[in-house]
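Below is one structure, written out as structure tokens, with a few remarks after it.
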Number of protein chains: 2
Amino acid sequence: MIIKRSDCLQCRMRDQSIFAGLNTEELCSLGMEVQDIEGQHGDFLYRMGEPARYAYTLRNGAVKLVSSLESGQEVIVRLLHHGDLLGFEGMQGEHHRHSAIVLAPSQLCRLDLAELQRLSERLPKVRAAILQRWQDALQKSEERIIELGAKRAEARLATFLLQWAQRYPQLRSLPFPLTRTDIAAFLGLSTEHVSRIMADFKRQALIQEQGGQLEILKPQNVAHIAGMPDEHKSD
Amino acid sequence: MIIKRSDCLQCRMRDQSIFAGLNTEELCSLGMEVQDIEGQHGDFLYRMGEPARYAYTLRNGAVKLVSSLESGQEVIVRLLHHGDLLGFEGMQGEHHRHSAIVLAPSQLCRLDLAELQRLSERLPKVRAAILQRWQDALQKSEERIIELGAKRAEARLATFLLQWAQRYPQLRSLPFPLTRTDIAAFLGLSTEHVSRIMADFKRQALIQEQGGQLEILKPQNVAHIAGMPDEHKSD
DNA sequence: CGCCAGATTGAGGAATATCAAACAGAGTGG
DNA sequence: CCACTCTGTTTGATATTCCTCAATCTGGCG
């Protein structure tokens, strides 16, 4: 894991970050120390139970938030892509509720939580941005409760693949650094069951996989399995 | 459903509300219209898809937040008790993502969202209180994801009963206005399966039920089934 | 090549859903 | 007070979904 100082002024993600809407002067006057982090597959950004000192913005790559139970079982609580925030549960001065583990080579910004706290008091725009992310996280979280509570394995997996694809709108072929075990830990299924369904999908030529890349060949059919209302039939 | 004007100055819940920490003068100067609402079993406070105009504080009683799928299936996204907030997803000017349905006779405060918005800009204490609730909601939501993803029916139900009991710390016998179908919609199970497990628990004399009241006779055993670490053995 | 982690497949069994029926209790109208 | 209905619960039988265990297969890599 490589850590160096970051120059927010040059950042290409700035307009999607929580500092969006601030002009250059405001940004300069933040006086905030921001680190630039490069993470490789398997790196821990932080571990469950540690006191939270930093928040992160994921500029690029993919990260999983994992909660480990006493049984040894691991559940993936959230999956993060470019633009997502993590570590913010520490804003209220708490400990990390999950471990953050890098899935694919990732670039992140690391912000000091205490500084961020002060900053958000001072700048309504930053505050609003953070609140918005918080709300988004809650919404997604509730959507997953519905998935887990109401749908069967096939439908859950189909939904999951479509949602993953939505995060890479331009690409036909998606980066897909998850193992079957990861998917299982996210969907509340066994590794084998996920493998079976994925193999089925492939046999039906709904999807295609090669070298960490995934392609959804028949999005409409997948959406149908997911139990989605038929949106965007023209796609 | 009865609606009348409310007098926040007299409110007994004030120190647990989002207006906690404000002194009497500040509270008077809010200039905020607050309604006092009495809801009966089955009343809708709002419906999924409606534009959000109000937020609510549940002072007393119980409310369920329900999301209805196209299949007709219903999932209970959250269960609310005294002190909980609802309807705040509208703070960002959106529509309600679920329907709020009264379970037991309830008293609520209804706040105008636009006014609340302005208020939270002005008063850091109010803002912080709301942010805190938001974080709590996210945390609980993530805990449920873990429950649904990792635990089996018995353990889920046991956890659920204990968490319900936690909301009524003083009482041996708890108000319990949920039907088996409600519990099932909350835990992602079938009504019959919930009924079977509840009946089992009763036969094992772990719990006892009568007239909408529930008593947990052997909390430790229930906690064991829930897969909890053995906290508070002295209880 | 051998090795290893991950993926796939199969067989059997456990957990849960579904369908159907019986049952209990709380009104409600006679 | 009793029959009646309605809603929610319980129970049983059966089907389905999903998990577990074990074996095999695959591709990357030293």
Side-chain angles (χ1 to χ4, degrees), chain A residues 40-42 64 69 71-76 101 103-104 147-161 176-204 206-214 225-227, chain B residues 40-42 64 69 71-76 101 103-104 147-161 176-204 206-214 225-227:
Chain A
Q40 292 304 312
H41 176 86
K64 61 178 174 181
L69 309 191
S71 63
Q73 203 174 358
E74 304 207 322
V75 178
I76 296 185
I101 307 175
L103 288 168
E147 288 285 309
L148 291 172
K151 292 188 181 174
R152 307 202 248 90
E154 259 200 340
R156 269 185 249 171
L157 182 51
T159 308
F160 166 69
L161 292 176
F176 196 72
L178 298 175
T179 67
R180 303 291 183 242
T181 304
D182 282 331
I183 304 173
F186 187 76
L187 298 178
L189 301 169
S190 70
T191 304
E192 296 92 331
H193 201 191
V194 170
S195 177
R196 270 184 250 273
I197 299 172
M198 287 290 281
D200 264 4
F201 283 0
K202 282 192 214 168
R203 276 188 283 268
Q204 295 175 48
L206 301 175
I207 64 172
Q208 186 180 318
E209 234 182 340
Q210 52 184 338
Q213 298 281 114
L214 174 76
I225 294 173
Chain B
Q40 291 305 312
H41 175 85
K64 62 178 174 181
L69 309 190
S71 64
Q73 204 174 357
E74 304 208 322
V75 178
I76 296 184
I101 307 175
L103 287 169
E147 288 285 309
L148 291 172
K151 291 190 183 173
R152 305 203 250 89
E154 258 200 343
R156 269 185 249 171
L157 182 50
T159 307
F160 165 69
L161 293 176
F176 195 71
L178 298 175
T179 67
R180 305 284 123 122
T181 303
D182 283 330
I183 304 173
F186 188 78
L187 298 178
L189 301 169
S190 70
T191 305
E192 295 92 330
H193 201 188
V194 170
S195 176
R196 270 183 251 273
I197 299 171
M198 287 290 281
D200 264 3
F201 284 180
K202 282 192 216 168
R203 275 187 285 268
Q204 295 174 49
L206 301 176
I207 64 172
Q208 185 179 321
E209 232 184 342
Q210 52 183 339
Q213 297 282 112
L214 174 76
I225 293 173

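A note on names: the letters A, B, ... follow the listed sequences, proteins ahead of strands, and every chain is numbered from 1.
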Requested in this report: Send over the distance from A/Leu189 CG to D/dT16 C1', rounded to a whole Å.
Outcome: 15 Å

**Report entry** A/Phe186: ring-ring contact (aromatic ring centres under 6.0 Å, His included) partners, not counting sequence neighbours
**Finding:** A/Phe160

Report summary line: Taken to the nearest whole Å, CG/B/Leu187 to P/C/dT16 is 11 Å

Query raised in the report: Excluding sequence neighbours, so at least two apart, what forms side chain to side chain contact (heavy atoms under 4.5 Å, CB included) with B/Ala185?
Result: B/Ile76

Query - Close residues, residues 153-160 of chain B, relative to DNA chain C [heavy-atom separation under 4.0 Å] - result: B/Ala153

Requested in this report: May I have all residue pairs that pass side chain to side chain donor-acceptor pair (under 3.5 Å) and include part of residues 147-158 of chain A, sequence neighbours excluded?
Outcome: A/Glu147-A/Lys151, A/Glu147-A/Thr159, A/Lys151-A/Thr159

**Report entry** Length of the CD-P vector between B/Gln210 and C/dG25, whole Å
**Finding:** 12 Å

Requested in this report: Let me know the distance between CZ of A/Arg152 and C1' of C/dA17, rounded to the nearest Å.
Outcome: 10 Å

Query raised in the report: Tell me, do B/Met198 and B/Ile207 make a side-chain contact under 4.5 Å, heavy atoms counted?
Result: yes

Query raised in the report: Between B/His41 (side chain) and B/Leu103 (backbone), is there a donor-acceptor pair under 3.5 Å?
Result: yes

Requested in this report: With heavy atoms under 4.0 Å as the rule, sort B/Gly211 into base, sugar-phosphate or nothing.
Outcome: nothing

Query raised in the report: Listed by chain and number, what are the side chain to side chain contact (heavy atoms under 4.5 Å, CB included) partners of A/Ser190, not counting sequence neighbours?
Result: A/Glu192, A/His193

Query raised in the report: Does A/Asp200 use its side chain to pair, donor to acceptor, with the backbone of A/Ile197 at less than 3.5 Å?
Result: no

Query raised in the report: Quick one: are A/Leu206 and A/Ile225 in side-chain contact, heavy atoms under 4.5 Å?
Result: yes

Report task. For A/Ile197 and C/dT8, give me the distance from atom CD1 to atom P, rounded to whole Å. Result -> 12 Å

Report task. If a protein heavy atom is under 4.0 Å from the base, mark B; if only from the sugar-phosphate, S; if neither, -; do that for nucleotides 5-15 of chain D going 5' to 3'. Result -> ----SBBBB--

